[in-house]
Amino acid sequence: MRTPAFFQRSELTATLWTFRGAFLRVGVFSLLCNLLMLTPTLYMLQVYDRVMLSQSELTLLAMSLLALGLFSVMACAEWLRTRVLVRAGMALDERLGTQVFKASFAAHLRQADNASARAFGDLLQVRQFLTGHGIFAFFDAPWAPIYLAVLFLLHPCLGGLGLVFALVQVLLAWYGHRLTLAPAQEAVAAQAEASLFLQGKLRHAEVIESMGMLGPLQKRWGQRQAAALAQATTAQDLSQRMLAWSKFIRYSQQSLVLGTGALLVLDGQLSAGGMIAANVLMTRALAPIEHIVGGWRGFIGAVAAFGRLEHLLLAYPAPAGLLPPLAPRGALELRGVVARAPGRARPILQDIQLRVAQGTVLVVMGPSGAGKSTLARVLLGIWPDVTGAVLLDGQALCTRERTALGPHLGYLPQDLELLEGTLAENIARFGTVDSARVVEAARATGLHEMILRFPKGYDTPAGEAGGLLSGGQRQRIGLARAVYGNPALVVLDEPNANLDSAGEAALAHTVQHLKRRGATVVLISHRPGVLAVADRVLLLHNGCVQAEGPRDAVLAARQAAAA
């Protein structure tokens, strides 16, 4: 069956549409459950109007056994529809988990932190609503008119009274939606902001503790948390108020229906069994509406989560039409590249024109704020807002499939963090650990002997080793990760920032090793010592290329300008 155009909005709606069969089965089981919900009503009518008059114990036994059998079928139908929804929720999570993971990662890479931080929470919220009891109210609601029709058959007054209460409940649900939607969304947003603020500060716990910054930061977090709690309290108060009104209407309905039935019995227009049955039918008719009102907050949250997931998957869809994986050689070219950042009017990089031949060592230098680190990210295709062309072997980086391209690129960022796993897994980039290549990368960076001194060697967990490693040693492990697998292009951002003389010698050896293998190396540094390994030098100033060319020529021109 062809997917309707409405459901072609995103991976989320397209995936939900594939579960239409499961929801159809839930609808069938709900049909069976609601039909069998008439069993108590019919049983009461027969007991009061037939058994009590005939005094037949055999009739009572037969009807009781029949009612028990129908109740068993109803319980099975309830269990089956719950089972279908739970299985559908698990399948939904399995199908969307990869897409949400990639989209949230892409959003974080493009600095959309809020979208990425709550993505899996949103997916969990949608799945829990679709597999929880709240969704059953929407399947049961269409049966309310049937119960009302049976009430009309018992007596028009009872049917009219039930219709009035049903309309009141519907109006209450509509008004509750309008009243609670905005406060609930604001409360969720405020709580998410407070949580993100706290998580961001926990990453810098050592700096905060060492310089006595905990008090002021706690005060700022407290203000955000207090605002979030106030908004959550307001939203909860409104929700509870609507629930209280709903309960008032339900209790009033039960008493009024029973009183009206009693009046009709006294007037001879209704039997005693009909009076009791009418009360049960009225409760069943209004129960789905009451459940919708009670679960409205969860429904609002699920709708908001669905909207955020929809927006995330639409903004960061799975890339299509990418070139087949080809091993790059390492020739770089930038044509009129301009890089911008949100909230900054002036571009970070302006009209960058650059050619770097395969096997060249390019050293990028310049003052702080010149755009060197941004250039490194642009060269790797991970800066979000770039215009112009970034070409690797004559092909735009944005047209290459990143999973296939990644093993051919190496990157050492300024802010290096070892990921959870062993040292070998970190060096091997968490792929299949090739022991020979791991050792080769460690030897190339002068780490092999040091790692062997750990009790577990290469199997030492990075978290355990982190307390034993200096900043320079961690940086060299990051360097080993960057050169693992002999990539064609290696970008090193301040690789010698934490290195001593031995570390700088190991860095020079690593760069020479890469050059002999034909790799292109872009090395960003403030220290002039790295110029010894450079083939070409690029000087950046205020985001513009101040000079670029062979090392000796650029240095000579710089000295002449200084003189």
Side-chain angles (χ1 to χ4, degrees), residues 7 9-20 22-23 26 81-108 112-139 141 173 176-199 224-225 228-229 231-236 238-240 242-243 291-317:
F7 288 97
R9 298 169 58 198
S10 74
E11 185 70 22
L12 179 59
T13 47
T15 301
L16 285 178
W17 177 248
T18 64
F19 288 97
R20 59 193 182 277
F23 287 110
V26 172
R81 71 173 182 172
T82 302
R83 178 184 174 88
V84 169
L85 280 181
V86 170
R87 296 297 186 274
M90 294 175 61
L92 174 69
D93 197 278
E94 290 176 359
R95 294 187 189 181
L96 284 177
T98 300
Q99 288 86 344
V100 171
F101 177 84
K102 291 181 178 179
S104 61
F105 186 84
H108 185 78
D113 291 339
N114 289 340
S116 61
R118 66 174 63 176
F120 279 98
D122 288 339
L123 180 60
L124 177 63
Q125 190 169 5
V126 171
R127 178 170 61 81
Q128 287 180 336
F129 177 77
L130 291 177
T131 59
H133 292 287
I135 193 67
F136 290 144
F138 293 91
F139 282 102
H177 169 68
R178 294 195 60 184
L179 188 66
T180 61
L181 178 60
Q185 291 178 340
E186 291 172 0
V188 170
Q191 188 60 56
E193 181 183 355
S195 298
L196 288 173
F197 177 85
L198 180 60
Q199 292 172 8
R224 287 172 169 80
Q225 184 71 3
L229 288 175
Q231 291 179 328
T233 301
T234 300
Q236 192 170 11
L238 291 173
S239 178
Q240 292 299 322
M242 300 310 300
L243 184 59
H291 291 160
I292 290 175
V293 175
W296 199 252
R297 187 176 181 184
F299 173 71
I300 292 173
V303 169
F306 182 92
R308 288 191 296 268
L309 278 178
E310 184 87 325
H311 176 75
L312 178 68
L313 294 176
L314 284 171
Y316 305 99

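Contact detail for Ala88 and Phe19: the closest heavy-atom pair is O-CE2, 3.5 Å. The two residues Phe306 and Val126 make their nearest non-hydrogen contact at N-CG2, 3.7 Å.
With sequence neighbours excluded, the residues forming a side chain to side chain contact (heavy atoms under 4.5 Å, CB included) with Arg83 are Trp79, Arg87, listed by chain and number. Partners of Arg308 under the side chain to side chain donor-acceptor pair (under 3.5 Å) rule, at least two apart in sequence or in another chain, are Asp122. Applying the ring pair (Phe, Tyr, Trp, His ring centres under 6.0 Å) rule to Phe129 yields the partners Phe299; only residues at least two apart in sequence or on another chain are considered. Remark: Thr233 pairs with Asp237 by the side chain to side chain contact (heavy atoms under 4.5 Å, CB included) rule, at least two apart or across chains. For the side chain to side chain contact (heavy atoms under 4.5 Å, CB included) test, residues two or more places apart in sequence or in another chain that qualify with Gln231 are Glu186, Ala187, Ala190.
For residues 129-138, the set of pairs meeting the salt bridge (Lys or Arg N to Asp or Glu O under 4.0 Å) definition, not counting sequence neighbours, is empty.
To the nearest 0.5 angstrom, Leu309 atom CG is 9.5 Å from Gln125 atom CD.
Side-chain contact between Phe23 and Val84: absent, with no pair of heavy atoms (C-beta onward) separated by less than 4.5 Å.
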